[in-house]
Amino acid sequence: MREVKMDEAQEGDKPAVEQDRIDPSLAGDIARGHKVIAAYLRTLDGSPGVYRMLDPEHNVLYVGKARNLKKRVSNYANPNGHSARISRMISETSQMMFLTTRTETEALLLEQNLIKQLKPRYNVLLRDDKSFPNILITKDHPYPELTKHRGAKTRKGAYFGPFASAGSVNRTLNQLQKVFLLRNCSDTMFAGRTRPCLQYQIKRCAAPCVGKVSEAEYGRLVEDAIKFLQGKNTSIQAGLAKDMGAASEAMEFERAAALRDRIRALTQVQSAQGINPRGVAEADIIGLHMEGGQACVQVFFIRANQNWGNRDFYPKPNGAEEAEVLEAFLGQFYDGKEPPRQIILSHGIEDEDLMAQALSEKAGRKVEILVPQRAEKYELVAGALRNARESLARRMSESVNQTRLLEGLAAAFDLDGPPQRIEVYDNSHIQGAHAVGGMIVSGPEGFVKSQYRKFDIRGDNLTPGDDFGMMKEVLTRRFARLQKEDPDRKTDMWPDLLLIDGGAGQVSAVAQILAEQGVEDIAMIGVAKGIDRDHGKEEFYRMGQRPFALRRNDPVLYFIQRLRDEAHRFAIGTHRAKRSKAISATPLDDVPGVGATRKRALLAHFGSAKAVARANLSDLTAVAGISDQLAQTIYDFFHEKG
């Protein structure tokens with residue numbers, strides 16, 4: 001965090017930029033806050049550590065790190081030289097908590113963990129922190145599989161990534177299959193094949209499952225794919241060209257044509273990657289643009305001298321300056337992710353050496369942080385900055401439109417004000433089977449996908465297809481949890497408006513459900529399709545009011561339709577995933593001690609769960625990874641079931 005240090009405050013060279021904008025009415029609270037903070041100085045020493053500032057209700061306002069706790073806290077006790085943001089924070093502080101650490105690096109790592117866990121109001125917060133997909137070439141099978149992987153790297157194999165999005169990794173996989181003909185089927189499907197699948201027919205797999213390629217030949221294809229993903233594509237292309245020429249001279253025109261197609265596919269992969277820097281082998285290019293109190297961070301992933309896509313993030317600055325925003329982004333972004341060998345930034349950060357040391361310890365190798373001023377790296381950062389600026393401009397424009405829509409929604413339905421959190425619910429099932437409920441969230445920044453929730457319908461006494469019963473279960477679970485976790489509504493997790501798919505009956509039922517939970521002040525709107533059940537003829541229902549409709553060309557009508565369609569899409573997608581999982585489930589899933597790896601080994605050895613159930617003890621112990629004790633457990637499981 002960039003704060004005024006003791007010696008800087010004494011020099012008084014630069015007044016704080018926001019000093020004149022401090023609310024005069026806070027003067028008494030600020031003085032009280034300084035006094036509270038100063039009282040802690042007697043018990044602090046010069047150890048490194050982490051401090052927390054808390055309000056009177058014990059909510060964490062801010063988490064910070066310090067090389068010297070006493071010196072850092074004394075800055076807050078000094079009444080001069082603070083920005084308006086820091087002054088407001090001091091005015092709300094009623095107590096502090098401290099944790100000392102052995103090193104500054106430990107303090108930095110602990111700070112970022114606490115920020116992600118507690119989400120303090122005055123810290124810079126990274127709101128979108130999902131994992132990134134990788135390409136995996138497995139190493140637990142004689143014929144390795146080429147597949148997309150997301151999450152913990154528990155399966156044995158070679159991982160390449162991260163890629164910026166599922167789309168970018170899918171496109172690369174699609175082209176790699178054309179070039180290297182590696183299988184993408186599961187081990188179970190591989191073991192059960194008796195003839196080549198469609199992938200072989202369209203020349204995207206060498207069909208090792210039915211012996212169309214030897215293990216040695218397939219191994220060479222795997223080696224070439226790994227070389228390509230490591231950036232050694234020049235030698236691969238030259239080798240393919242040489243083989244094509246030899247096949248042509250030998251008048252093996254079909255083989256020559258197949259090699260030609262593979263060369264074309266390889267060229268397509270290289271061109272689709274866009275700019276491939278020569279002097280940057282492995283780096284994340286990070287550009288920050290701030291405007292109007294908002295921030296956009298653009299990250300380009302460079303691996304093996306190849307551009308594997310870019311992603312934009314929108315951290316919440318909370319009034320912080322560029323250096324603090326970027327430092328906080330790095331700490332939170334790489335918490336749980338492996339950093340690359342180089343991190344190339346558009347702006348400097350205050351504790352650059354400390355951050356590099358922390359990331360190096362995390363990665364188990366050297367991580368370098370750079371702020372280039374010229375040459376290729378500078379051009380890469382300039383590109384990231386340009387993308388960040390354009391992305392933020394689009395987001396701000398969309399935010400303005402979203403604000404107008406929310407204002408229009410409030411006017412159309414006579415709400416107290418533009419809703420800050422809209423929750424939309426929908427159910428999905430097939431004749432009551434695999435029933436799920438879905439909740440989507442929208443607000444001033446559009447759809448908040450990190451807040452979407454899915455609910456497995458658990459009611460055993462529900463009549464199949466009972467939508468009222470399903471909705472009651474979903475809303476009861478949702479609001480019972482809200483009442484338990486935030487009864488005083490101090491967080492932004494409480495909705496201002498509920499959109500219900502249905503008419504007067506559904507709205508009345510939902511009102512009764514909420515009343516049972518002690519919630520009677522949240523606005524509800526029922527959305528029912530009109531007589532012809534057609535878009536544009538929707539009727540809207542509110543408790544105690546007559547149903548009404550909006551004009552067909554009203555932007556608010558289109559907005560509500562988008563919300564309802566998104567809830568429907570999410571619920572159907574959740575239902576399909578649950579149904580697909582149920583279809584692919586086997587009795588082995590219920591056997592104690594049999595996880596994903598042992599399940600694959602058993603299915604690969606026996607071919608099906610039914611064959612496993614029929615196997616005797618000696619057959620079971622012959623499977624790799626199955627001990628005598630586990631074999632007995634598996635045998636007893638199936639035979640006890642009869």
Side-chain angles (χ1 to χ4, degrees), residues 1-6 8-10 12-41 44 50-66 69 71-98 111-112 114-127 288 290-295 314-329 331-332 350 417 420 443-445 486 488-493:
M1 174 182 172
R2 182 68 178 97
E3 300 172 15
V4 181
K5 297 181 180 177
M6 285 288 287
E8 292 174 333
Q10 290 169 358
D13 292 335
K14 290 185 179 180
V17 175
E18 300 180 66
Q19 186 73 35
D20 294 337
R21 289 183 287 179
I22 299 173
D23 188 346
S25 64
L26 294 177
D29 291 334
I30 294 172
R32 179 190 51 77
H34 285 304
K35 192 173 181 180
V36 167
I37 294 169
Y40 287 98
L41 293 176
L44 293 175
V50 172
Y51 58 93
R52 280 178 275 184
M53 307 177 86
L54 289 78
D55 67 13
E57 297 175 348
H58 307 287
N59 298 311
V60 179
L61 298 169
Y62 184 80
V63 174
K65 67 180 182 305
L69 278 171
K71 187 174 181 181
R72 175 53 60 88
V73 173
S74 68
N75 291 341
Y76 294 114
N78 186 344
N80 300 314
H82 298 297
S83 67
R85 166 178 168 251
I86 300 300
S87 295
R88 284 193 301 271
M89 183 175 72
I90 291 171
S91 73
E92 296 178 34
T93 301
S94 67
Q95 57 181 306
M96 295 184 72
M97 296 177 63
F98 303 90
E111 176 201 34
Q112 298 306 327
L114 288 173
I115 290 172
K116 290 190 72 172
Q117 177 186 344
L118 301 172
K119 296 180 173 54
R121 191 191 328 158
Y122 286 97
N123 281 97
V124 177
L125 301 177
L126 177 58
R127 290 170 286 187
L288 165 68
M290 294 180 62
E291 183 179 340
Q294 299 186 47
Y314 300 92
K316 193 173 181 181
N318 286 331
E321 299 297 324
E322 290 173 335
E324 184 180 350
V325 171
L326 201 51
E327 181 175 333
F329 174 83
Q332 295 174 53
E350 182 176 345
Q420 299 302 297
E445 297 178 356
D486 185 23
D488 298 325
R489 305 192 186 187
K490 295 178 181 177
T491 70
D492 58 0
M493 301 301 289

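Residues meeting the side-chain hydrogen bond (donor to acceptor under 3.5 Å, both in side chains) test with E291, sequence neighbours left out: H289. By the side-chain hydrogen bond (donor to acceptor under 3.5 Å, both in side chains) test, E57 is found to be paired with K490, residues two or more places apart in sequence or in another chain being considered. With sequence neighbours excluded, the residues satisfying ring pair (Phe, Tyr, Trp, His ring centres under 6.0 Å) with Y40 are F98. In this view, D55 and N59 satisfy the side-chain hydrogen bond (donor to acceptor under 3.5 Å, both in side chains) rule, not counting sequence neighbours. Under the side-chain hydrogen bond (donor to acceptor under 3.5 Å, both in side chains) criterion, S94 pairs with no residue, sequence neighbours left out. Applying the salt bridge (charged side-chain N to carboxylate O under 4.0 Å, His left out) test to R32 and every residue at least two apart in sequence or in another chain returns nothing.
Rounding to the nearest 0.5 Å gives a distance of 8.0 Å between OH of Y51 and NZ of K65. Atom CG in L114 sits 9.5 Å away from atom CG in N123 (nearest 0.5 Å). Summarising the geometry, atom OG belonging to S91 is positioned 11.0 Å from atom CD1 belonging to I86; distances are rounded to the nearest 0.5 Å. The line from CD of E92 to OH of Y122 is 3.5 Å long, rounded to the nearest 0.5 Å. Distance check: T491 OG1 to D486 CG gives 3.5 Å after rounding to the nearest 0.5 Å. Atom CE of residue M53 and atom CZ of residue R121 lie 12.0 Å apart, to the nearest 0.5 angstrom.
Under a 4.0 Å N-O distance rule, the pair E111/K116 does not qualify as a salt bridge.
Counting heavy atoms from C-beta on, the side chains of I30 and P79 never come closer than 4.5 Å. Counting heavy atoms from C-beta on, the side chains of H34 and H82 come closer than 4.5 Å.
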Inset, instruction - Decide yes or no on side-chain contact (heavy atoms from CB on, under 4.5 Å) for M96 and V73, but give the supporting numbers first. - result: CA-CA 10 Å; M96 295 184 72; V73 173; 4.1 Å; yes

Inset, instruction - Begin with the C-alpha distance, continue with both residues' side-chain angles, and end with the deciding distance and a verdict on salt bridge (Lys or Arg N to Asp or Glu O under 4.0 Å) for R85 and E324. - result: CA-CA 13 Å; R85 166 178 168 251; E324 184 180 350; 3.2 Å; yes

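Side chain to side chain, Y314 and E445 fail the donor-acceptor criterion of an N or O pair below 3.5 Å.
Here the closest heavy-atom approach between residue S74 and residue L41 is recorded as N-CD2, 3.6 Å. Across all their heavy atoms, I115 and L125 have their closest contact at CG2-CD2, 3.8 Å. Across every non-hydrogen atom of L61 and L54, the tightest pair is CD1-C, 4.0 Å.
Remark: the backbone N or O of V124 is not paired with any side-chain donor or acceptor of N318 at under 3.5 angstrom. Using a distance-only test at 3.5 Å, with no hydrogens or angles considered, no donor-acceptor pair links the side chain of R52 to the main chain of Y62.
Heavy atoms from other residues, nucleotides or ligands lying under 6.0 Å from CE of M493 number more than 12.
When each of M290, Q294, E322 is checked for a side chain to side chain contact (heavy atoms under 4.5 Å, CB included) with P317, only M290 meets the rule. Tested against L126, the residues Q332, Q112, K316 include a single side chain to side chain contact (heavy atoms under 4.5 Å, CB included) partner, Q332.
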